[in-house]
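Okay, so here's the structure we're looking at.
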Amino acid sequence: MHVPYIIVGGGVAAASAIEGIREHDASGRILVLSRENHAPYRRPLLSRDLLSHPDAVDRLSYQTDSYYTDRNVELLLRRDVVEISPESKQVWDERGNAFEFDKLLIATGVRPRMLD
C-alpha cells in the first residue's frame, strides 16, 4: 500500500503534524501507525486532571473521529512499526504489513518510566 504521508506515533507531535500537512496539502492521504488504542490525545491531562475532574475525559482527544475521516487520515491503532527502510521508503508493522511512503515522520515520543 502506498501513501504520501506516514506518521509513526500517536501523540501531540502526530496531531500537530496532521494539521501542518493539511496546511500544505489538503488532500494527500495520511496514514498514522500508533501503538495506542485511541486517536491522538492529550497525555498531560492524564496525570493532572483526569482523577480530579471527571469531565476531563471529554477534553483528552485532540480531534473527533470525523476530523480524521473528513481529512483523509487513516488511523491504524494498536500497531507497532518493527522495521523502516529509508532506501525503499517502506515501513513494516508487527503483522507483516508493508506500507510505502513519500514522506515519513517518526513521532513515537518516549515510554514512561515506572518508579518503585
Side-chain angles (χ1 to χ4, degrees):
M1 167 193 299
H2 176 268
V3 292
Y5 307 96
I6 292 181
I7 301 171
V8 178
V12 64
S16 297
I18 291 167
E19 292 175 12
I21 291 168
R22 284 296 166 249
E23 288 177 12
H24 299 283
D25 182 348
S27 61
R29 186 169 174 211
I30 301 171
L31 175 64
V32 177
L33 296 161
S34 176
R35 173 182 283 171
E36 297 285 342
N37 299 336
H38 308 282
Y41 60 93
R42 292 174 177 84
R43 283 146 179 88
L45 287 174
L46 293 176
S47 59
R48 284 194 310 238
D49 293 336
L50 190 60
L51 296 176
S52 59
H53 298 95
D55 65 332
V57 173
D58 298 332
R59 298 178 300 169
L60 289 177
S61 292
Y62 282 102
Q63 303 294 345
T64 63
D65 291 341
S66 64
Y67 171 89
Y68 299 105
T69 305
D70 294 345
R71 286 163 181 76
N72 200 19
V73 177
E74 181 177 359
L75 302 174
L76 292 182
L77 305 175
R78 292 185 165 184
R79 300 287 180 108
D80 283 324
V81 170
V82 296
E83 187 174 344
I84 299 172
S85 173
E87 298 83 14
S88 66
K89 293 192 167 194
Q90 288 185 300
V91 300
W92 288 266
D93 67 12
E94 85 287 359
R95 300 174 188 184
N97 298 310
F99 305 95
E100 188 177 331
F101 60 86
D102 294 328
K103 297 184 186 249
L104 171 69
L105 173 65
I106 301 172
T108 54
V110 298
R111 287 188 187 173
R113 185 177 69 179
M114 301 305 291
L115 301 175
D116 295 334

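Count residues from 1 along the sequence.
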Original post:
For the hydrophobic clusters of this structure (ILVMFWY residues joined by side-chain heavy atoms under 4.5 Å, transitively), does one cluster hold both V91 and Y5?
Top reply: no
**OP:** Could you list the residues that satisfy side-chain contact (heavy atoms from CB on, under 4.5 Å) with L105, not counting sequence neighbours?
**Re:** I7, A17, A107
**OP:** Find the distance between CD1 (I30) and CD1 (I18) and round it off to the nearest 0.5 Å.
**Re:** 5.5 Å
Original post:
What residues form a side-chain contact (heavy atoms from CB on, under 4.5 Å) with R71, not counting sequence neighbours?
Top reply: R22, Y67, V73
**OP:** Using salt bridge (Lys or Arg N to Asp or Glu O under 4.0 Å) as the criterion, list what pairs up with E94, not counting sequence neighbours.
**Re:** none
Subject >> Closest non-hydrogen atom pair between A39 and L75, with its separation >> reply: CB-CD1, 3.6 Å
Original post:
Checking side-chain contact (heavy atoms from CB on, under 4.5 Å) for the pair V32/Y68: CA distance, chi angles, key distance, verdict?
Top reply: CA-CA 10 Å; V32 177; Y68 299 105; over 6 Å; no
Original post:
With the 4.5 Å side-chain cut-off for hydrophobic clustering, are F101 and M1 part of the same group?
Top reply: yes
Original post:
How would you list all residue pairs meeting salt bridge (Lys or Arg N to Asp or Glu O under 4.0 Å) that involve residues 73-90, not counting sequence neighbours?
Top reply: R29-E74, R35-D80, R79-D93
Subject >> Heavy-atom pair of closest approach, residues H2 and P4 >> reply: CE1-N, 4.1 Å
Subject >> Partners meeting side-chain contact (heavy atoms from CB on, under 4.5 Å) with I106 (sequence neighbours left out) >> reply: I84, L104, T108
Subject >> Which residues share a side-chain contact (heavy atoms from CB on, under 4.5 Å) with S88, sequence neighbours left out >> reply: S85, Q90, W92
